[in-house]
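Just the heavy atoms: all of them, side chains too, but no hydrogens, waters or symmetry mates, feed the values below. In what follows, every chain begins at residue 1, and chains take the letters A, B, ... in the order their sequences are listed.
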Number of protein chains: 2
Amino acid sequence: MSSYKDKKVITIGVMSELTGLSERKIRYYEERKLVFPERTQGGTRKYSFDDVERLIDIADKMEDGMQTFDIRRMEQKKLPKKELRERMLRGQLNAAFNIRK
Amino acid sequence: MSSYKDKKVITIGVMSELTGLSERKIRYYEERKLVFPERTQGGTRKYSFDDVERLIDIADKMEDGMQTFDIRRMEQKKLPKKELRERMLRGQLNAAFNIRK
DNA sequence: CGTGTAAGGAATTCTGACACG
DNA sequence: CGTGTAAGGAATTCTGACACG
């Protein structure tokens with residue numbers, strides 16, 4: 001089962017190129033528990049191709065106005081469907097009208 | 001067709017861990033035209049999973065006493081079969097008796 | 001030929017913080 | 001909340017060379 005897709009070998013610089021996301025964003029999504037890179041002995045992050053796809057997916061949802069909180073809940077599938085729909089709608093409205101909290 | 005396997009994303013440090021080869025060896029095999037990493041803007045090497053497999057294969061052949069020259073020829077499949085067999089035999093003999101040129 | 005190593009420098013990454021909205 | 005940035009330091013990588021066998 002252990003494929004190449006889940007082997008953590010990609011540095012944050014390459015990941016940034018692959019996803020188009022800034023390193024800052026990538027590190028922030030980790031802080032928000034959305035990605036879980038491994039580390040080298042020295043402490044540099046290592047990501048997998050699965051993480052590449054995950055980050056692209058996250059980026060899409062962020063663009064739709066969703067918040068990291070909602071994305072995390074969504075992946076855990078623990079949020080009741082009704083509430084999730086409301087949150088997604090709110091996110092899209094926020095995005096559409098560029099609302100600031 | 002462009003799979004993950006041929007995407008150049010692995011740094012030499014990770015490659016060294018993945019293959020068990022020293023960075024010195026990995027760079028040397030590049031010098032001998034056996035692997036062809038890409039480079040980042042800054043000049044650091046990037047390898048693919050295909051390269052991981054290729055290097056492991058190379059390492060096996062080196063252990064059998066083959067020389068980089070023969071390995072390269074072998075991959076190009078341009079060496080006559082008879083001569084190749086002779087070279088492989090010689091390599092294995094060298095390895096067996098630990099002969100120094 | 002194949003590989004280790006010390007050397008000096010450059011590129012990459014890391015963390016914690018301040019800023020803004 | 002999400003993200004940019006300047007800051008200082010540490011880890012990583014690079015090249016060319018000398019060594020040895």
Side-chain angles (χ1 to χ4, degrees), chain A residues 8-47 51 55 58-73 87 90-95 97-101, chain B residues 8-47 51 55 58-73 87 90-95 97-101:
Chain A
K8 307 271 189 175
V9 299
I10 304 173
T11 56
I12 197 166
V14 174
M15 180 56 105
S16 176
E17 285 179 7
L18 256 36
T19 61
L21 297 172
S22 68
E23 299 185 6
R24 179 67 168 96
K25 286 183 180 179
I26 298 173
R27 293 196 189 96
Y28 180 66
Y29 298 152
E30 175 182 359
E31 188 184 320
R32 299 314 310 272
K33 309 293 183 194
L34 292 177
V35 268
F36 308 92
E38 289 180 2
R39 299 273 184 152
T40 65
Q41 279 256 310
T44 61
R45 273 166 265 248
K46 292 183 297 181
Y47 301 88
D51 291 333
L55 277 171
I58 291 169
D60 285 344
K61 287 173 178 145
M62 292 298 287
E63 255 187 272
D64 289 342
M66 244 182 276
Q67 297 188 197
T68 59
F69 176 87
D70 300 318
I71 297 175
R72 181 167 60 247
R73 283 293 167 290
R87 281 181 169 281
R90 185 165 4 111
Q92 286 169 11
L93 288 173
N94 285 351
F97 295 105
N98 218 322
I99 294 176
R100 300 270 160 246
K101 285 161 299 306
Chain B
K8 308 271 189 176
V9 298
I10 304 173
T11 57
I12 197 165
V14 175
M15 179 57 104
S16 176
E17 285 179 8
L18 257 35
T19 61
L21 297 172
S22 67
E23 300 185 5
R24 179 66 167 96
K25 287 183 180 179
I26 298 173
R27 292 197 189 97
Y28 180 67
Y29 298 153
E30 175 182 0
E31 188 185 320
R32 300 314 312 272
K33 308 294 183 194
L34 293 177
V35 267
F36 308 93
E38 287 179 3
R39 300 272 185 153
T40 64
Q41 279 255 311
T44 61
R45 275 166 265 250
K46 293 184 296 181
Y47 301 88
D51 291 333
L55 277 172
I58 291 169
D60 285 344
K61 287 172 179 146
M62 291 298 287
E63 255 187 272
D64 289 342
M66 242 181 279
Q67 297 189 198
T68 58
F69 176 87
D70 300 317
I71 297 175
R72 182 167 59 247
R73 283 292 167 292
R87 282 180 168 280
R90 186 165 2 114
Q92 284 169 12
L93 288 173
N94 286 350
F97 295 105
N98 219 321
I99 293 175
R100 300 270 160 246
K101 285 160 300 307

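Put simply, CZ on B/Arg45 is 13 Å from P on C/dT12, counting in whole angstrom units. Regarding A/Gln67, its CD atom lies at a distance of 11 Å from the P atom of D/dT3, rounded to whole Å. A straight line from CD of B/Glu30 to C1' of D/dT13 spans 13 Å, rounded to a whole angstrom. Between the CD atom of B/Glu63 and the P atom of C/dG2 there is a distance of 15 Å, given to the nearest Å. Between the P atom of C/dC14 and the CE atom of A/Met15 lies a distance of 12 Å, rounded to the nearest Å. A straight line from CG of A/Leu55 to C1' of D/dG2 spans 15 Å, rounded to a whole angstrom. Going from atom CE of B/Met66 over to atom C1' of C/dT3 covers 19 Å, rounded to whole Å. Atoms NZ (B/Lys46) and C1' (C/dT12) sit 13 Å apart, rounded to a whole Å.
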State the dot-bracket string of DNA chain D. Criteria: Watson-Crick or G-U wobble, both atom distances under 3.5 angstrom; notation: ( ) intrastrand, [ ] crossing earlier pairs, | interstrand, . unpaired.
-> |||||.||.|.|.||.|||||
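Residues B/Ile26 and B/Val35 come closest through the heavy atom pair O-CG2, 4.1 Å. The shortest heavy-atom contact between B/Glu23 and B/Gly13 is OE2-CA, 3.7 Å.
Nearest-nucleotide assignment on DNA chain D puts the 5′-proximal partner with A/Gly42, out of B/Thr44 and A/Gly42. Residue-to-nucleotide proximity on DNA chain C shows that, of B/Glu31 and A/Gly13, the 5′-proximal contact is made by B/Glu31. Looking at which nucleotide of DNA chain D each of A/Met62 and A/Gln41 is closest to, the 5′-most match is held by A/Met62.
Not a single donor-acceptor pair under 3.5 Å links the side chain of B/Lys33 to the backbone N or O of B/Thr68.
When each of A/Arg72, A/Arg39, A/Lys46 is checked for a salt bridge (charged side-chain N to carboxylate O under 4.0 Å, His left out) with A/Glu30, only A/Arg39 meets the rule.
Under 4.0 angstrom from either OP1 or OP2 of C/dT15 there lies at least one side-chain N or O belonging to A/Arg39. Contact between the side-chain N/O atoms of A/Thr11 and the OP1/OP2 oxygens of D/dT12 is not found at any separation under 4.0 Å.
Partners of B/Lys61 by side-chain hydrogen bond (donor to acceptor under 3.5 Å, both in side chains), not counting sequence neighbours, listed by chain and number: B/Asp57.
Of the candidates D/dT15, C/dG2, C/dC14, C/dG2 carries the atom nearest the B/Thr68 side chain, counting heavy atoms from C-beta on.
Taking CG of A/Asp51 as the start and CG of A/Leu18 as the end, the distance is 11.5 Å to the nearest 0.5 Å.
The stretch residues 18-28 of chain B touches DNA chain C through B/Ser22, B/Arg24, B/Lys25, B/Tyr28, each having a heavy atom within less than 4.0 Å of the strand.
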